[in-house]
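Atom set for the values below is all heavy atoms of this structure, side chains included, hydrogens, waters and symmetry mates excluded. Counting convention: from 1, in listed order, for ligands and their atoms alike. Predicted model only: the values in this text are computed from it and were never measured.
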Amino acid sequence: MDNSTNQPALQQVTILGATGTIGLQTLDVISQHKNRFSVFALTASSNVKSLLNLCQQYSPQYAVMLQAEAAAELSRQLKAVGSSTTVLRGEASLNYVASHESVDVVMAAIVGAAGLHPAMAAAQAGKRVLLANKETLVMAGNLFMQAVLDGGATLLPIDSEHNAIFQVMPLRRSNNISESSLASVGVKRVLLTASGGPFRNASLDELKAVTRSQALNHPNWVMGPKITVDSATLMNKGLEVIEAHWLFNALPSQIDVVVHPQSVIHSMVEYIDGSVLAQLGNPDMRIPIAYGLGYPDRLTSGVSSLDLLTTARLDFCAPDMIRFPCLRIAYEALNLGGTAPAILNAANEIAVEAFLAEKIGFMDIPYIIESVLSASEIESVESIEQLVAVDARARLVATVQMRALC
Ligand code: NDP
Ligand code: MG
């Protein structure tokens, strides 16, 4: 229960990707603050069973399913239990519930490029956008940050590293997330921590033999399958470098990655005077989610206290870009600029999907991404329509590369 005495008005929340790991953890935090938040809409792609269950628990005004058959089935089952939730379907409906005038807060937690349009819709409509979907910034960082400014939206990063950096940035900058340069607020660089994933100490030969189930076994975090594989290849950290570039107006040379296996320090900011500020906590996404929901207030999240005596050690080492080429390729795509990060993202999504389907090996993932990038023309980013076309083209090239390996 929320114990504060001056209760703000009930906030209406849309959760995009409600059936995913971030979506479910968001609902967990919301359930702890029912006098502060109300669920307006929940969305999913095809998981009828989970969305039905969530609709019964949270009685949203709308439930949206991407897939038409799944929407029809959900609608039938909700009617059978006497629910008043309206079921909508398709991409346009995702944008509708992300930008609806009754909505205050949008949790953008769809996985992959599919999350771009509804996140843009929420930004353009001036919502408080809790951004978990890092692919939005990787694909369309400049357009998304402009939409946040033009729409008067409040952007709060949910990715734990970026949330940590946001928390330890100077206050005047947090209020105006990407406007000024880092140097102008006395920041020298940001340090993104990386757990190193399950294969931190594996040799190149061992990495070549990694199986799907080994890659899905992350040591510290429970996450959806795509980001879990991204964490194992270190592409997740590469995507996060690009995400940090856009969120904090940081130059590539101002973003460093440090491997920290305990995942207790969630990231750091170094100031020009040599001070380094870090945010620590147990590795549980309900911390950044509660921060985003409550900002600028602090809310309880249900996460237990960090026990430093049990943690005992905090270790650090440099990332190995030879065994984990995805991180190097992501820095290169950021330095190339323009459409390069969107191409990287699309190729990665195809490669990870193929790896999860056990069609290619673990080390084929960076090979495919690098081949697609070198076969593609890099353009400057002009519009979302252009990025959608670039994304589709890169997926085709990646599919050809992937088939050649099968
Ligand atoms: P999950 O795979 O667990 O969940 C994905 C959600 O998106 C599900 O609700 C799924 O619906 C829905 N979805 C999938 N494809 C589509 C589509 N094409 N259109 C609409 N909805 C779709 O992912 P996570 O919760 O792990 O991650 C979500 C995002 O948050 C990712 O971008 C990830 O990088 C980011 N993130 C996640 C973290 C984590 O700890 N999990 C940490 C930091 C960032 P259905 O269930 O029906 O398939
Ligand atoms: Mg992260």
Side-chain angles (χ1 to χ4, degrees), residues 14-28 41-54 63-71 73-74 88-95 97-98 107-119 121 129-139 156-166 192-197 216 218 220-231 234-244 247 257 260 263 265-267 279 283-289 292 345 348-349 352-353 356 391:
T14 283
I15 302 178
L16 303 165
T19 51
T21 57
I22 292 290
L24 294 174
Q25 290 177 94
T26 305
L27 286 166
D28 182 295
L42 297 174
T43 87
S45 172
S46 61
N47 191 339
V48 174
K49 196 175 165 207
S50 176
L51 199 53
L52 174 71
N53 177 29
L54 296 178
V64 183
M65 302 226 72
L66 180 70
Q67 295 183 12
E69 278 170 25
E73 181 57 22
L74 179 68
L88 305 175
R89 69 181 160 91
E91 280 173 12
S93 302
L94 295 174
N95 300 342
V97 295
M107 166 55 82
I110 290 173
V111 62
L116 172 62
H117 281 106
V129 184
L130 310 191
L131 189 68
N133 177 266
K134 63 192 84 187
E135 294 89 347
T136 289
L137 282 171
V138 173
M139 288 181 75
L156 290 156
I158 297 302
D159 212 347
S160 59
E161 296 76 5
H162 307 76
N163 188 270
I165 290 168
F166 186 88
L192 294 175
T193 50
S195 71
L216 286 178
H218 195 279
N220 303 349
W221 299 93
V222 179
M223 306 180 287
K226 191 258 179 186
I227 181 175
T228 305
V229 174
D230 284 347
S231 299
L234 287 204
M235 179 51 94
N236 183 48
K237 214 46 56 181
L239 300 179
E240 290 181 358
V241 167
I242 301 171
E243 188 183 7
L247 276 175
V257 172
H260 164 48
S263 298
I265 296 182
H266 297 307
S267 277
Q279 184 258 352
D284 188 318
M285 288 305 293
R286 289 176 300 171
I287 295 177
I289 291 167
N345 182 66
N348 181 54
E349 287 192 26
V352 170
E353 210 177 278
L356 285 169
D391 175 83

Asker: May I ask you to check whether N133 and T136 show a side-chain donor-acceptor distance below 3.5 Å?
Answerer: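 Present: a donor and an acceptor within the cut-off.
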
Asker: What atoms of ligand 1 come closer than 4.0 angstrom to any heavy atom of G224?
Answerer: 1 (P), 2 (O), 3 (O), 26 (O)

Asker: Measuring from L74:CG to K49:NZ, what's the distance to the nearest 0.5 Å?
Answerer: 14.0 Å

Asker: Answer with side chain, backbone, both or neither: which part of M285 has a heavy atom less than 4.0 angstrom from an atom of ligand 1?
Answerer: side chain

Asker: Can you tell me which N/O/S atom of E240 has the shortest distance to the Mg ion (ligand 2)?
Answerer: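 Sorting the N, O and S atoms of E240 by distance to the Mg ion (ligand 2) puts OE2 first.
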
Asker: Evaluate side-chain contact (heavy atoms from CB on, under 4.5 Å) for Q279 paired with F166, printing each intermediate quantity in order.
Answerer: CA-CA 9 Å; Q279 184 258 352; F166 186 88; over 6 Å; no

Asker: Which distance, rounded to the nearest 0.5 Å, do you find between the CD of Q25 and the CE of M107?
Answerer: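 One gets 9.5 Å once the value is rounded to the nearest 0.5 Å.
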
Asker: Nearest to atom 43 (C) of ligand 1, what protein heavy atom do you find, and at what distance?
Answerer: D159 OD1, 3.0 Å

Asker: Please determine whether any non-hydrogen atom of S46 lies less than 4.0 Å from an atom of ligand 1.
Answerer: yes

Asker: So is there a nitrogen or oxygen of S160 less than 3.5 Å from a nitrogen or oxygen in ligand 1?
Answerer: no

Asker: What protein heavy atom sits nearest atom 34 (O) of ligand 1, and how far away is it?
Answerer: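 Ranked first by proximity to atom 34 (O) of ligand 1 is K134 CE, 3.3 Å.
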
Asker: What protein heavy atom lies closest to atom 13 (N) of ligand 1? Include the residue and the distance to one decimal.
Answerer: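 So the nearest neighbour among protein heavy atoms is S45 CB, 3.7 Å.
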
Asker: Show the nearest heavy-atom pair for residues A109 and G23, with the distance to one decimal.
Answerer: CB-N, 4.4 Å

Asker: Using atom types as modelled and distance alone, determine if a side-chain donor or acceptor of E243 lies under 3.5 Å from a backbone N or O of L239.
Answerer: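 Judged by distance alone, no pair lies under 3.5 Å.
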
Asker: Can you tell me how far OG of S160 sits from CD of E240, rounded to the nearest 0.5 angstrom?
Answerer: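 That separation rounds to 6.5 Å.
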
Asker: Quick one: nearest non-hydrogen protein atom to atom 32 (O) of ligand 1, plus distance?
Answerer: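 Of the protein heavy atoms, E135 OE1, 2.7 Å lies nearest.
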
Asker: Ignoring hydrogens and angles, tell me if any N or O in the side chain of D284 forms a donor-acceptor pair with the backbone of R286 under 3.5 Å.
Answerer: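 Yes, because the side chain of D284 sits within donor-acceptor range (under 3.5 Å) of the backbone of R286.
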
Asker: Considering both backbone and side-chain atoms of T19, is one of its nitrogen or oxygen atoms within less than 3.5 Å of a nitrogen or oxygen in ligand 1?
Answerer: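 In this structure, T19 places an N or O atom under 3.5 Å from an N or O of ligand 1.
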
Asker: Give, for atom CD of E349 and atom CG of D230, the distance between the pair rounded to the nearest 0.5 Å.
Answerer: 8.5 Å

Asker: side-chain contact (heavy atoms from CB on, under 4.5 Å) between I165 and L192: does it pass, once the steps are laid out?
Answerer: CA-CA 8 Å; I165 290 168; L192 294 175; 3.6 Å; yes

Asker: Please report the shortest heavy-atom distance between N47 and T19, naming the atom on each side.
Answerer: O-CG2, 4.2 Å

Asker: Looking only at heavy atoms, is any part of L66 under 4.0 Å from ligand 1, and if so is it the side chain, the backbone, or both, or is it neither?
Answerer: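 Side chain only.
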
Asker: Charged N to carboxylate O under 4.0 angstrom, E353 versus K226?
Answerer: no

Asker: Atoms of ligand 1 less than 4.0 Å from A114 heavy atoms?
Answerer: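 Counting atoms of ligand 1 from 1, those under 4.0 Å from A114 are 17 (C), 18 (N), 19 (N).
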
Asker: Can you tell me if K226 has a non-hydrogen atom under 4.0 Å from ligand 1?
Answerer: no

Asker: Vertex the Mg ion (ligand 2): angle to OD1 of D159 and OE1 of E161, to 10°?
Answerer: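 About 100° at the Mg ion (ligand 2).
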
Asker: Kindly say whether T193 contributes a backbone atom to a donor-acceptor pair with the side chain of S267 at under 3.5 angstrom?
Answerer: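 Indeed, once roles are kept as given, a pair shorter than 3.5 Å links the two residues.
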
Asker: Select the closest option to atom 20 (C) of ligand 1 among L54, I110, L239, judged by heavy-atom distance.
Answerer: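 Nearest option to atom 20 (C) of ligand 1, by heavy atoms: I110.
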
Asker: Give the residue and atom name of whichever protein heavy atom lies nearest to atom 5 (C) of ligand 1, and the separation in Å to one decimal.
Answerer: V111 CG1, 3.7 Å

Asker: I need the nearest protein heavy-atom contact for atom 41 (N) of ligand 1: residue, atom name and distance, please.
Answerer: T21 OG1, 2.9 Å

Asker: Is there any N or O on N47 that sits under 3.5 Å from an N or O of ligand 1?
Answerer: yes

Asker: Taking non-hydrogen atoms only, is A18 closer than 4.0 angstrom to ligand 1 via side chain, backbone, both or neither?
Answerer: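 Answer for A18: backbone.
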
Asker: Can you check which of S231, A108, G20, A113 brings a heavy atom nearest to atom 4 (O) of ligand 1?
Answerer: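 Selected option, by shortest heavy-atom distance: G20.
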
Asker: Need the ligand 1 atom indices (1-based, order shown) with element for anything under 4.0 Å from a heavy-atom of A44.
Answerer: 11 (O), 47 (O)

Asker: Nearest 0.5 Å, what's the OG1-CG distance between T228 and L216?
Answerer: 6.0 Å

Asker: Can you tell me if D391 and N345 form a side-chain donor-acceptor pair at under 3.5 Å?
Answerer: no

Asker: Starting from atom 33 (C) of ligand 1, find the nearest protein heavy-atom neighbour and note its residue, name and distance.
Answerer: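 Ranking protein heavy atoms by distance from atom 33 (C) of ligand 1, first comes I227 CD1, 3.9 Å.
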
Asker: Pairs of nitrogen or oxygen atoms closer than 3.5 Å, one from I22 and one from ligand 1: do any exist?
Answerer: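 Yes, since at least one N or O of I22 sits under 3.5 Å from an N or O of ligand 1.
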
Asker: Any atoms of ligand 1 less than 4.0 Å from a non-hydrogen atom of A109? List them with their elements.
Answerer: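 So the answer, numbered in order with elements, is 6 (C), 7 (O), 28 (C).
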
Asker: Would you mind listing which atoms of ligand 1 come within a distance below 4.0 Å of any non-hydrogen atom of N133?
Answerer: 32 (O)

Asker: So, taking the atom named CD in E73 and the one named CE in M65, what distance separates them when rounded to the nearest 0.5 Å?
Answerer: 10.5 Å

Asker: Tell me the protein heavy atom at minimum distance from atom 35 (C) of ligand 1, and give that distance in Å.
Answerer: A132 O, 3.1 Å

Asker: Is it the case that ligand 1 has an N or O less than 3.5 angstrom from some N or O of T43?
Answerer: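 No, since none of the N or O atoms of T43 sits under 3.5 Å from an N or O of ligand 1.
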
